[in-house]
Amino acid sequence: MVMSLLSASYAMAQTDMLFSQVVNRNGNPNIRSILRLDDGRMAFATLDGVELFNGSDFSSKAAVTGNAIRLSDYDGFHHLYLTGGGRFLWIKNNHELKCLDLDRELFATDMNALLAENRLPDGFNDFFGDSEGRIWVTRQDTLLQPDLGIRIPLDSGIDRPIDLATIDNRLYLFFKGGNLKAFHLPSGKFLYSSHAYPESEDWKFGTTSLVVAAGKELYQIKNGAIGGLFLFDTEKRQWKRILESALRLNTLEVTDSSAFISTNNGLLAISIPSGDIRHIPMVRTHTGSLLASEISAIHADPDNGLWLGTLNRGIFYHHPDAYRCLEISKKGQTSYLPAHLSSAFSENHDGSVSISEPGNHMTVSIPGGTVSPLHTSEESGLTGEYGSGASFISSAGAVFFNENDRYLVFIPNDSIRQTTSTIPVISEILVNGESIRPLCSYNGNTILEKAAAKTPAITLTPDQNFLTIVAAMPRYETSSAKFDFILEGIDREWHTSDGDGHFGKRLPAYYTALPPGEYMFKVKESGADEEMSASLSVRVLPHWWQTGWAFSAYVLIFITVVATAMAIYARHTKNKIAREQREKFLLTRIRNLIEEVDRYKVESNDKRQVPGTSDDSPDPISDGNQLSDADKAFIARAVEAVEKNLNTPGYSVASLSHDLCMDRTGLYRKLTALLDRSPSLFIRDIRLRYAARLLEEGKLSITEISELTGFSSTSYMSKCFQERYGCRPSDYAEKNKGDM
């Protein structure tokens with residue numbers, strides 16, 4: 001007869017659960033409370049701090065000794081609250097309150113500043129957090145909520161609130177005596193009160209409390225002389241007592257169909273639909289062992305996973321889809337044989353596992369899970385690995401447990417159905433191979449102001465361009481993860497990579513020699529939409545000579561150099577042109593002087609032929625072409641000096657000798673030798689020639705010409721003109737007018 005692995009058998013996995021140990025080699029195994037953070041990471045409170053787990057790696061955050069707020073009204077054990085939009089993790093334990101700042105992943109050292117930041121008063125007696133992340137404190141006889149501005153008076157006396165919860169716009173306060181009070185939010189108006197049990201039973205449950213909201217219902221565990229689990233229906237305003245137990249009830253978690261309570265002796269599993277209660281004193285593990293330890297903490301995550309924290313054995317995890325559970329009833333069991341001696345396991349070459357017990361032999365196919373009877377004739381052919389005792393693990397990872405009246409077989413699933421994608425967490429940043437810590441300076445650059453998981457952007461110097469970004473997948477039900485990632489600005493397309501690390505959920509992305517620029521790193525679960533990606537903006541600064549300011553300076557320097565070069569060229573060109581013009585002017589003056597010399601010669605010859613002139617007048621020079629270049633230059637200077645002072649009355653030989661830097665005697669000798677003229681005659685001749693040109697133009701009167709040519713009077717000019725040209729100025733003007 002063949003038995004199929006029916007789905008009805010799988011349903012029993014609700015209580016027949018298999019847990020895997022989450023190994024934290026360097027962490028504290030004394031787990032006291034568990035909470036899932038907003039980014040998917042798990043927080044485990046221990047005796048000396050908090051262990052953060054991102055699916056791949058643990059990081060230990062040691063609590064700072066002595067930095068705690070005293071809570072006079074709280075004498076319970078570890079209780080975790082998450083507030084401030086997921087930034088602050090508060091730890092309340094035995095009259096003390098501490099806080100882990102998740103932005104920097106450091107315990108707060110200045111609690112007074114932290115209280116001021118959260119607008120909390122000094123000297124409060126107890127501290128609570130609600131499902132909306134709001135903080136409530138009791139101070140003397142008042143419950144305060146600073147964000148809503150609520151002040152709820154409390155009855156004076158010994159009955160103090162020990163827990164609270166919020167559902168919709170209602171606040172529910174739980175008191176030691178089993179009383180519940182409901183208030184309206186945000187007005188703080190009192191609505192009603194209700195008692196979980198009579199005052200006469202306060203001795204049973206009146207010490208500690210833990211409340212968990214599930215839909216419209218509130219579950220509460222209380223401890224006193226005994227433990228109790230209570231249910232309050234907020235719509236019906238009715239209490240229901242679910243159980244009383246001599247066990248100490250540590251923590252509570254509620255799923256859609258079950259409630260789980262960790263105790264000092266294993267687990268309590270309560271079926272919500274039926275109300276059935278099952279005690280699980282020993283927890284089955286994937287290594288085939290049974291864990292007998294106090295379960296100090298329990299937590300159900302949104303992915304249907306169940307976390308256990310033990311008193312001294314660390315962390316364990318269960319997911320209902322990780323293994324299929326098969327229950328096989330024992331038929332040949334003899335009552336006087338212990339369970340571990342009543343059967344034997346052996347693995348066959350095809351991967352199936354045979355189970356032999358007195359009077360009954362069977363084979364379980366792996367991974368199919370089909371159970372087949374084994375005939376006696378086949379027993380002798382069994383080969384392979386044999387084992388006996390309480391458990392057996394096959395090579396395919398199937399775990400067999402031998403219990404008193406049954407066998408439990410846990411067969412690994414090939415894959416776990418995932419309904420939603422998980423956003424990865426950027427867990428670490430390494431620069432030039434060095435792990436970067438928040439608020440630490442690296443060559444003058446504080447790269448991380450916050451922890452890597454909380455950092456949206458980093459800025460690197462030019463020498464910090466070897467970058468490694470490590471991401472982790474906070475998905476715990478799978479054994480490994482696959483990532484898609486890209487660095488926009490460097491990568492042209494998304495890359496896909498399998499996770500590595502101990503849990504197979506770690507991705508290191510390496511980028512070397514990043515050039516200066518702006519980049520965006522994105523990582524997501526493989527196949528997920530891009531909006532489900534974690535991102536990190538990366539800016540690599542350029543060297544100073546590559547900055548925009550430097551390029552502006554380069555442009556300015558270039559413009560300055562070009563402008564200076566153009567100015568120098570323009571000045572050089574201008575000077576060259578001026579020099580050429582001066583040279584041209586000098587050459588022109590020299591040519592004019594040569595012409596003047598020729599005219600002197602011609603006029604001298606003409607003068608000898610004019611009646612009334614003296615034949616004894618010497619010829620200025622016999623041949624103008626006999627003058628040297630130095631003599632011509634001297635004559636040019638002399639002519640130029642006289643011409644500049646034509647209209648200056650009284651310009652004399654002394655003035656000319658001064659302008660030529662010569663004494664009068666030297667000037668006399670020089671002009672007499674060159675032109676056969678005394679300096680006074682030389683000055684007069686130049687004035688007369690200029691007067692003759694003005695007369696030829698006919699635009700000025702003789703009086704005006706006399707003034708312009710520097711003669712002291714018109715009569716003196718006429719006398720000199722007649723001596724030089726043989727006629728009066730008026731006759732010279734008439735003659736030239738007739739020639740025109």
Applying salt bridge (charged side-chain N to carboxylate O under 4.0 Å, His left out) to Arg119 and Asp147, what does each step give before you reach the verdict? CA-CA 8 Å; Arg119 298 189 297 171; Asp147 296 330; 2.7 Å; yes
Verify salt bridge (charged side-chain N to carboxylate O under 4.0 Å, His left out) between Lys522 and Asp484, making sure each step is shown before the conclusion. CA-CA 8 Å; Lys522 294 181 179 180; Asp484 292 339; over 6 Å; no
Go through it in stages, so that I can follow the logic: the residues are Ser293 and Thr310, the test is side-chain contact (heavy atoms from CB on, under 4.5 Å), and I'd like the CA-CA distance, side-chain angles, deciding distance and then a yes or no. CA-CA 7 Å; Ser293 175; Thr310 64; 3.9 Å; yes
Show your working on ring-ring contact (aromatic ring centres under 6.0 Å, His included) between His318 and Phe19 and close with a plain yes or no. CA-CA 5 Å; His318 161 77; Phe19 286 83; 5.3 Å; yes
For Ile315 and Phe58, what are the C-alpha separation, side-chain angles and deciding distance, and is it a side-chain contact (heavy atoms from CB on, under 4.5 Å)? CA-CA 12 Å; Ile315 305 164; Phe58 282 89; 3.8 Å; yes
Evaluate Ser435 against Glu428 for side-chain hydrogen bond (donor to acceptor under 3.5 Å, both in side chains), listing each step before the verdict. CA-CA 7 Å; Ser435 181; Glu428 188 180 11; 2.7 Å; yes
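For Thr422 and Arg475, the side-chain atoms include at least one donor-acceptor pair closer than 3.5 Å. Residues Asn24 and Glu51 bring a donor and an acceptor atom of their side chains to less than 3.5 Å of each other. Judged purely by distance below 3.5 Å, without hydrogens or angles, the side chains of Asn312 and Asn30 never pair a donor atom with an acceptor atom. No side-chain donor-acceptor contact under 3.5 Å links Gln21 and Thr287. When only modelled atom types and interatomic distance are considered, Asn54 and Ser56 share no side-chain donor-acceptor pair under 3.5 Å. At a cut-off of 3.5 Å, with distance as the only test, no side-chain donor of Lys505 or Tyr476 sits close to an acceptor on the other residue.
More than 12 heavy atoms of other residues, nucleotides or ligands sit less than 6.0 Å from atom OH of Tyr442. Asp122 CG: 12 or fewer foreign heavy atoms inside a 6.0 Å radius. For Asn26, the CG atom sits in a loose shell: 12 or fewer heavy atoms of surrounding residues, nucleotides or ligands are nearer than 6.0 Å. Within a 6.0 Å radius of NZ in Lys482, other residues, nucleotides and ligands contribute 12 heavy atoms or fewer. Open room surrounds CE on Met282; 12 or fewer heavy atoms of other groups in view lie less than 6.0 Å from it.
In this structure, His319 contributes its side chain and Asp303 its backbone to a donor-acceptor pair below 3.5 Å. Side-chain atoms of Thr234 come within 3.5 Å of backbone atoms of Lys216 as a donor-acceptor pair (strictly under, hydrogens ignored). Side-chain N or O atoms of His299 include none that pairs as donor or acceptor with a backbone N or O of Ser33 at under 3.5 Å. Listed for the Asp101 side chain is a donor-acceptor partner under 3.5 Å among the backbone atoms of Asp103. A donor-acceptor contact shorter than 3.5 Å is absent between the side chain of Asp130 and the backbone of Thr166. Asn118 places no side-chain N or O within 3.5 Å of a backbone atom of Leu120 that could act as its donor or acceptor partner. Without hydrogens or angle criteria, Glu132 side chain to Ile167 main chain gives no donor-acceptor distance under 3.5 Å.
Taking the side chain as every heavy atom from C-beta outward, Leu191 and Arg170 approach each other to under 4.5 Å.
Looking at Asp126 and Lys92, a side-chain N of the basic residue comes within less than 4.0 Å of a carboxylate O on the acidic one, giving a salt bridge. Ion pairing of Arg41 with Asp57 is absent here, as no side-chain N (NZ or NE/NH1/NH2) approaches a carboxylate O to less than 4.0 Å. Ion pair Lys204/Glu244 flagged as a salt bridge, since at least one NZ, NE, NH1 or NH2 atom sits closer than 4.0 Å to an Asp/Glu carboxylate oxygen. Glu235 has no carboxylate O lying under 4.0 Å from a charged side-chain N of Arg237, or vice versa, which leaves the two without a salt bridge. With respect to the salt-bridge test (charged N to carboxylate O, under 4.0 angstrom), the residues Asp141 and Arg160 qualify. A salt bridge does not link Arg87 with Asp38: none of the charged nitrogens is closer than 4.0 Å to a carboxylate oxygen. A salt bridge does not link Glu96 to Arg70: none of the charged side-chain nitrogens sits closer than 4.0 Å to a carboxylate oxygen.
Using the six-membered ring where Trp is involved, Trp239 and Phe174 have ring planes that are perpendicular, over 60° apart on the 30 and 60° scheme. Between Phe53 and Phe503, the ring-plane angle classifies as perpendicular under the 30° and 60° cut-offs. Between Phe88 and Trp90, the ring-plane angle classifies as tilted under the 30° and 60° cut-offs.
Residues Ala457 and Leu536 approach most closely at N-CD1, 3.8 Å, considering heavy atoms.
Residue pairs that meet the salt bridge (charged side-chain N to carboxylate O under 4.0 Å, His left out) test with at least one member in residues 248-259, sequence neighbours left out, are Arg248-Glu294. Pairs engaging residues 103-125 under the ring-ring contact (aromatic ring centres under 6.0 Å, His included) rule: none recorded [sequence neighbours left out].
Across Val22, Ile298, Thr251, a single residue satisfies side-chain contact (heavy atoms from CB on, under 4.5 Å) together with Leu308, and that is Ile298.
Taking the ring centre of Phe175 as origin, the terminal cationic atom of Lys181 falls inside the region bounded by 6.0 Å and 45° from the ring axis.
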